[in-house]
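Note: hydrogens, waters and symmetry copies are ignored here, and every other heavy atom, side chains too, is used. Within every chain, numbering begins at 1; the chains are lettered A, B, ... in the order of the sequence lines, protein sequences first and strands thereafter.
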2 protein chains.
Amino acid sequence: MPVTNKIDPAAGTGHEPRAAEKILKVARDLFYRQGIRAIGVDEIVRTAGVTKPSLYRSFPSKDELAASYLRRYDGEFWARFEESVTAHPGDPRAQIVAFLAGVGKRTQRPGYRGCGMTNAVVEYPERDHPARLVSEENKRELRRRLRAMAKAMGAGEPDTLGDGLLLLIEGAYISGQLFGAGGPARSVARNAELLIDASLATPGRA
Amino acid sequence: MPVTNKIDPAAGTGHEPRAAEKILKVARDLFYRQGIRAIGVDEIVRTAGVTKPSLYRSFPSKDELAASYLRRYDGEFWARFEESVTAHPGDPRAQIVAFLAGVGKRTQRPGYRGCGMTNAVVEYPERDHPARLVSEENKRELRRRLRAMAKAMGAGEPDTLGDGLLLLIEGAYISGQLFGAGGPARSVARNAELLIDASLATPGRA
DNA sequence: TGACAATGTTACCGATCGGTACGTATACGA
DNA sequence: TCGTATACGTACCGATCGGTAACATTGTCA
């Protein structure tokens with residue numbers, strides 16, 4: 001059996017190498033808080049208490065390490081999303097509002113740094129960058145789901161509403177790290193409510 | 001041929017250096033398209049056809065050059081904003097919708113890279129970074145104006161509406177560079193309309 | 001013509017960047 | 001007990017990072 005999975009260190013063998021996991025954990029922390037470009041591999045290995053060759057045995061490059069960090073981030077994102085969905089079965093409006101309430105709350109926490117995947121897109125405009133690919137896939141799927149939920153709500157223009165909700169979400173990510181507590185992101189759920197109700201009262205157009 | 005187009009650099013000296021203007025122009029282009037951290041000073045001076053000492057005679061550091069780039073960006077931003085405002089005197093709703101229509105249109109252009117100031121905030125989370133200070137000031141002022149316009153419209157919750165519009169705007173900046181043409185940013189003006197109308201029909205709360 | 005300011009030229013700095021060649025320690029099965 | 005595979009460390013690579021010293025050249029105006 002192939003002993004080392006270079007991308008996902010936790011896959012395959014029963015006991016995963018300890019170094020890779022430590023590296024990924026530290027990378028997640030530093031990349032998210034300070035940005036991917038701002039953090040060098042030296043700082044990662046130093047903080048993780050490992051050495052550079054250990055990093056490059058588990059990850060083919062810094063870019064791929066960043067992509068691995070974002071894959072983990074993506075998993076955590078969908079876990080939070082599903083939590084709001086399952087909390088309100090059959091009620092897409094409540095599902096979205098619940099999710100947005102959580103987003104709004106997190107944006108008010110000190111040191112909030114937005115969405116790691118959104119930030120990665122800003123940091124890496126190159127279309128084919130590994131980190132960007134992970135982020136784009138996440139956003140495409142989120143857009144798809146929001147539009148589907150808007151349709152299930154019976155919105156007059158479901159695609160418009162779904163996209164509007166996505167705009168509010170992305171706006172909250174950015175405003176949260178820009179303004180800190182007391183910023184516009186605080187009212188993201190309330191604005192979503194207003195937008196949803198307006199869309200439900202509006203007949204189809206276009 | 002005395003080029004007296006003085007915006008920012010070397011404001012004291014009466015005589016306008018040509019190198020500084022070339023550098024600032026190139027920096028604007030490269031910083032915006034590829035990100036500030038992604039561009040080195042060597043690439044800037046090479047593209048501008050000047051030398052590194054020329055850069056450091058006009059700008060004390062790369063960080064300050066980035067701040068100068070953003071100050072120019074800030075000026076262009078408010079020029080566009082005022083254009084929408086003066087096009088619809090006394091009609092804040094039309095002013096905002098016009099501005100948002102312009103934003104939505106620009107986000108659909110190929111190679112769109114969002115708002116330079118928003119991107120700088122993502123690239124530099126440090127609270128006291130020169131580039132971030134310029135961006136934060138711009139966003140604070142934008143928030144203030146949007147809230148004032150929401151109040152002038154007679155919204156039930158003017159602060160909520162103003163903040164909601166800011167969320168839509170920031171979301172459009174990000175989605176524009178994330179999805180490209182056909183992305184959610186296309187419908188930013190339409191969603192703003194829906195949100196505004198919903199807010200005008202909603203009495204005060206809180 | 002002379003003076004001065006702006007720019008260019010060349011060469012350099014220490015630090016850090018992402019990445020690697022190669023030797024060593026340790027655990028395990030035969 | 002030995003061989004082997006695996007995980008880790010030491011030391012190093014060339015390139016690039018932001019930034020500077022010292023000096024030559026140019027254009028402008030008095």
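- The pair B:Glu157-B:Arg147 fails the salt-bridge criterion, with no side-chain N (NZ, NE, NH1 or NH2) lying under 4.0 Å from an Asp/Glu carboxylate O.
- A:Asp74 is linked by a side-chain contact (heavy atoms from CB on, under 4.5 Å) to A:Trp78, A:Met117, A:Asn138, counting only residues two or more places apart in sequence or in another chain.
- Considering only residues two or more places apart in sequence or on other chains, B:Asp42 meets the side-chain contact (heavy atoms from CB on, under 4.5 Å) condition with B:Arg46, B:Lys52.
- In the set D:dG18, D:dC8, C:dT7, the nucleotide with an atom closest to the side chain of A:Ser54 is D:dC8.
- Side chains of A:Ser175 and B:Lys139: no donor on one and acceptor on the other come within 3.5 Å.
- Side-chain atoms of B:Tyr56 lie closest to D:dT20 of the nucleotides D:dT20, C:dT7, D:dC8.
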Pairs under 3.5 Å (N/O, protein and nucleotides 11-15 of chain D):
none

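- Pairs engaging residues 119-128 of chain B under the side-chain hydrogen bond (donor to acceptor under 3.5 Å, both in side chains) rule: B:Asn119-B:Gln177, B:Arg127-B:Glu136 [sequence neighbours left out].
- Atom CZ in A:Phe59 sits about 12 Å away from atom P in D:dC8, given to the nearest Å.
- Here B:Phe99 and B:Phe77 bring their ring centres to under 6.0 angstrom of each other.
- For residues 98-110 of chain A, no pair satisfies side-chain hydrogen bond (donor to acceptor under 3.5 Å, both in side chains), with sequence neighbours left out.
- Salt bridge B:Glu82/B:Arg145: present, at least one basic N to carboxylate O contact under 4.0 Å.
- If you check residues 35-42 of chain B against DNA chain C, you find no residue with a heavy atom closer than 4.0 Å.
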